[in-house]
Amino acid sequence: MARSPSDVPHRRFPRRLRSLSSFQGGTIKVAVGLGFFGFATYVFTAVVLRALGPEQFADFNLFWGLAYGLGLGAMLPFEQEISRRISIAVHTEGRVDEIRGSGLTVSIGFSAVLAVTIVPFVMHSGVESAGWVW
């Protein structure tokens, strides 16, 4: 006698593994990558603190915070939009050169403005505390 679809068990995995089956293929890879990035950042700042000392580390920490806060905070939404537009272009038109060129232009422009605005401030504060002569 043939089994009806209602007789077949719906669970493919044991109960404790069922919640993991809902993850997409790259979710765990991204989580591991973010964990590694966080650990590497912590180790890097600890090494810099030991190498520079507390006073000079304060200047470095200012630069680090500005670079990551402004740089990543402003560029991450931009990167997401460029990725979305390229994906749409690949699946509809097949032409991504214009989008890639526009993204590159805006990225270079933002990086230049950030460098001109932030780096002199950070270098000036670092020169006084480090005793450097320019």
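It should be emphasised that the depicted structure is a prediction, and the values quoted were computed from it without experimental measurement. One-based numbering along the sequence shown.
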Which heavy-atom pair separates [X] from [Y] by the least distance, and what is that distance?
| X | Y | result |
| --- | --- | --- |
| Val96 | Ala89 | CG1-CB, 3.9 Å |
| Ser107 | Phe78 | OG-CE2, 3.4 Å |
| Thr45 | Phe57 | O-CE1, 3.6 Å |

Query raised in the report: Going only through I, L, V, M, F, W and Y residues with side-chain contacts under 4.5 Å, is there a path from Ile86 to Ile88?
Result: no
Query raised in the report: Would Phe39 and Val30 show up in the same hydrophobic cluster when neighbours are defined by side-chain heavy atoms closer than 4.5 Å?
Result: no
Going from [atom1] on [X] to [atom2] on [Y], what distance comes out if it is rounded to the nearest 0.5 angstrom?
| X | Y | atom1 | atom2 | answer |
| --- | --- | --- | --- | --- |
| Asp97 | Ser102 | CG | OG | 10.5 Å |
| Glu81 | Glu79 | CD | CD | 10.5 Å |
| Ile99 | Leu104 | CD1 | CG | 13.5 Å |
| Leu49 | Phe44 | CG | CZ | 11.5 Å |

